[in-house]
Amino acid sequence: MTDPRRPAPGAGGGPSAGTHGGAGTDVEHLLRTEAPQVLGALVRRFGHFDVAEDAVQEALLAASRAWPVEGVPENPRSWLIRIGYRRMVDLLRSEGARRRREQEAGAAELAMREPARRAYPPPETDDSLTLLLLCCHPALSTTSQVALTLRAVGGLTTAEIAHAHGSTEGTMGTRISRAKQQLARAGARFTPPTDADRHDRMAAVTRVLYLIFNEGYTASAGAELARVDLTREAIRLARMLHASLPDDAEVTGLLALMLLTESRRAARTGRDDELVPLDEQDRTRWDPDLIRAGTALIDSVWNRREVGPYQLQAAIAAVHAGAASPESTDWPQIAALYLWLERLHPTAPVRLSRVVAVARAYGPARGLALLDDLNRRFRLDQEPLTRQRERAVRAHLLEMTGDASGAVTRYREAATLTDNQVERRYLLHRADRLG
């Protein structure tokens with residue numbers, strides 16, 4: 001994929017016919033940008049989200065083979081829609097000989113033969129938001145929402161999505177197929193949300209994009225700390241969502257959070273792919289363009305009357321990004337922001353992050369006392385989302401207080417609870433250094 005800071009190609013534009021510049025990554029970026037628009041055109045014309053999604057995938061595959069050789073056509077979207085229409089006819093016919101499907105196939109052929117009846121979207125049509133909302137329909141589980149978003153809106157292959165989830169391609173293919181069937185059974189429509197359900201539907205979309213980014217930033221399993229393909233895709237989709245809803249403060253906060261967090265990626269690992277904690281990172285390797293863009297976004301919405309969780313997390317990331325050195329980090333401000341965030345969004349990860357901020361602002365003993373209190377009340381050491389990190393945080397705090405033996409024990413416990421090999425090596429190295 002291309003650099004996430006690069007602006008997406010225009011809706012109907014692209015290189016002129018016959019060009020070969022930009023190599024394969026430019027074609028891939030263009031295809032992923034156009035995929036939701038093509039899918040939207042087919043779904044609006046025919047319905048049948050499941051069949052339309054398969055048709056789009058085949059159109060994208062055809063383009064990925066043809067365009068690097070023949071050049072990108074003058075109107076990439078129309079090219080993709082035309083191929084998608086043809087494949088849609090084939091798929092509708094192959095599903096059975098029932099009269100209704102034959103009628104739909106005949107109507108599709110007629111629409112293709114008569115240019116005036118073609119359902120190409122007008123240039124100003126943007127189906128990105130409607131498609132995101134459909135993929136995040138409440139009838140689907142969160143895992144299915146993530147998978148369907150990556151497939152239908154992100155344009156990732158089933159194999160790529162399976163790799164991100166640590167499952168097989170066959171298993172993920174079945175999950176995606178079932179998700180599309182669930183949408184059909186739920187009577188989901190390709191229409192914008194009503195005022196009554198808009199808030200809940202948007203919350204589902206932002207949560208899905210947040211989960212995709214987090215999985216990419218620190219992979220739950222595997223030999224690499226991060227999955228750059230997922231973080232970049234999450235950023236691309238967040239940019240697309242922000243373009244559709246530029247006045248939505250939480251959408252703006254989510255994009256700001258992603259950019260500010262991603263700005264540190266290059267400094268998170270060393271020459272031998274070892275994990276480098278925040279305080280030890282070479283801050284000259286932080287991306288200044290992403291920092292400026294993310295800071296400008298959060299500044300633009302910070303003075304709104306209501307502040308949401310993504311805005312608060314982006315504000316915390318901006319404080320980190322604005323510190324020239326670890327010593328100059330305003331930890332009391334970060335601790336206060338985490339307290340605000342915890343009151344607004346009381347989750348186990350937020351509570352554990354506040355422990356770290358309090359320890360850095362007011363000393364490790366106070367951080368340990370807060371951690372013990374939160375464990376008594378909320379069992380952070382047993383929560384699935386914090387069980388491993390609670391031990392890592394406690395180990396760091398014990399090390400800071402001089403309790404080397406206790407720190408070693410906790411570091412080793414934390415290492416056994418992660419499937420990310422980079423993180424495991426880091427934790428075991430800390431234990432070996434103390435032991």
Just wondering, more than 12 heavy atoms not from Arg189 lying within 6.0 Å of its CZ? no
Would you name the heavy atoms of Ala321 and Leu260 that are closest together and state the gap between them? CB-CD2, 4.0 Å
Run through Arg433, His429, Glu399 and flag the one making a side chain to side chain donor-acceptor pair (under 3.5 Å) with Tyr411. Glu399
Over all heavy atoms of both residues, which pair between Arg424 and Ala415 is shortest? Give the atoms and the distance, please. NE-O, 3.4 Å
Thr206 side chain to Ala203 backbone, donor-acceptor under 3.5 Å: yes
Value rounded to 0.5 Å, distance of CG in Leu417 from CZ in Arg387: 5.0 Å
Polar side-chain atom of Glu327 near backbone of Ser325 as donor-acceptor pair, under 3.5 Å: no
Hey, are the side chains of Leu183 and Leu148 touching, using non-hydrogen atoms and a 4.5 Å cut-off? yes
Please examine the side chains of Arg354 and Leu341, heavy atoms only from C-beta on, and report whether any two atoms are closer than 4.5 Å. no
CG/Leu368 to CG/Asn375 distance, rounded to the nearest 0.5 angstrom? 10.5 Å
Considering non-hydrogen atoms only, spot the tightest contact between Gln281 and Trp286 and give its length. OE1-NE1, 3.0 Å
Please report the interatomic distance CG(Leu290) to CG(Leu259), rounded to the nearest 0.5 Å. 5.5 Å
Straight-line distance of Leu344 CG to Leu339 CG, nearest 0.5 Å: 11.5 Å
Do side-chain atoms of Arg77 reach the backbone of Asn75 as a donor and acceptor pair under 3.5 angstrom? no
Considering non-hydrogen atoms only, spot the tightest contact between Ala395 and Ala407 and give its length. O-CB, 3.4 Å
Using modelled atom types only, decide if a donor and an acceptor are shared between the side chain of Gln311 and the backbone of Gly308 within a distance under 3.5 Å. yes
Evaluate the criterion ring-ring contact (aromatic ring centres under 6.0 Å, His included) for residue pair His345 and Trp340; output intermediate values, then yes/no. CA-CA 9 Å; His345 192 59; Trp340 188 358; over 10 Å; no
Mind checking whether Arg175 and Ser141 have side chains closer than 4.5 Å, heavy atoms only? yes
The reported gap from OG in Ser263 to CZ in Arg285 (rounded to nearest 0.5 angstrom) is 12.5 Å
Heavy-atom donor-acceptor pair, Arg283 side chain to Ala323 backbone, under 3.5 Å: yes
Check for me whether Arg264 meets the cation-pi criterion with Tyr217, that is, NZ or CZ under 6.0 Å from the six-membered ring centre and within 45 degrees of the ring axis. no
Less than 4.0 Å between a side-chain N and a carboxylate O, is that true for Glu280 and Arg430? yes
Donor-acceptor pair, side chain of Arg227 and main chain of Ala219, under 3.5 angstrom: no
Indicate the atoms forming the closest heavy-atom contact of Thr231 with Gly216, along with that distance. CG2-C, 3.3 Å
Is it the case that over 12 heavy atoms from other parts of the model lie below 6.0 angstrom from the CZ atom of Arg178? no
Holding to side-chain contact (heavy atoms from CB on, under 4.5 Å), I want the full list of residues that pass it with Arg207, two or more places apart in sequence or in another chain. Thr142, Gln145, Ala204, Leu211, Tyr310
Run the numbers on Glu390 and Leu371 for side-chain contact (heavy atoms from CB on, under 4.5 Å), then give the verdict. CA-CA 9 Å; Glu390 188 275 343; Leu371 181 57; 3.7 Å; yes
Looking at side-chain heavy atoms only, is the closest gap between Asp26 and Leu30 below 4.5 Å? no
Single hit among Gln313, Arg343, Glu342 for side chain to side chain contact (heavy atoms under 4.5 Å, CB included) with Val350: Glu342
Measuring from atom CD of Glu383 to atom CD of Gln388, what distance do you get when rounded to the nearest 0.5 angstrom? 14.5 Å
State plainly whether the residues Asp372 and Arg394 are in salt-bridge range, i.e. N to O under 4.0 Å. yes
Report the C-alpha distance between Arg412 and Asp432 in whole Å, list the side-chain angles of each, state the deciding distance to 0.1 Å, and finish with yes or no for salt bridge (Lys or Arg N to Asp or Glu O under 4.0 Å). CA-CA 9 Å; Arg412 294 192 183 282; Asp432 292 342; 2.7 Å; yes
Stepwise side-chain contact (heavy atoms from CB on, under 4.5 Å) check, Trp302 with Leu312: CA-CA 9 Å; Trp302 185 245; Leu312 284 169; 3.7 Å; yes
N-O pairing of Glu233 and Arg32 below 4.0 Å: yes
Mind listing the closest non-hydrogen atom pair of Ala238 and Leu255 along with its distance? CB-CD1, 3.9 Å
Is there a donor-acceptor pair closer than 3.5 Å between any side-chain N or O of Thr158 and the backbone N or O of Gly173? no
Any side-chain to backbone donor/acceptor pair from Asn420 onto Glu224? Under 3.5 Å, distance only. yes
Worked verdict on His320 versus Ile334 for side-chain contact (heavy atoms from CB on, under 4.5 Å): CA-CA 9 Å; His320 281 299; Ile334 292 175; 3.5 Å; yes
Looking only at atom types and distance, does a side-chain atom of Glu215 sit under 3.5 Å from a main-chain N or O of Ser220, one as donor and one as acceptor? yes
I want to check something: taking the side chain as every heavy atom from C-beta on, are Leu397 and Val355 in contact at a cut-off of under 4.5 Å? yes
Val276 side chain reached by Tyr426 side chain, heavy atoms, under 4.5 Å: no
Taking C-beta and beyond as the side chain, do Pro277 and His396 meet within less than 4.5 Å on heavy atoms? no
Can Leu297 and His242 be said to form a side-chain contact (heavy atoms from CB on, under 4.5 Å), step by step? CA-CA 10 Å; Leu297 283 168; His242 181 253; 3.9 Å; yes
Using atom types as modelled and distance alone, determine if a side-chain donor or acceptor of Gln57 lies under 3.5 Å from a backbone N or O of Arg151. yes
Are any non-hydrogen side-chain atoms of Arg268 and Thr218 less than 4.5 angstrom apart? yes
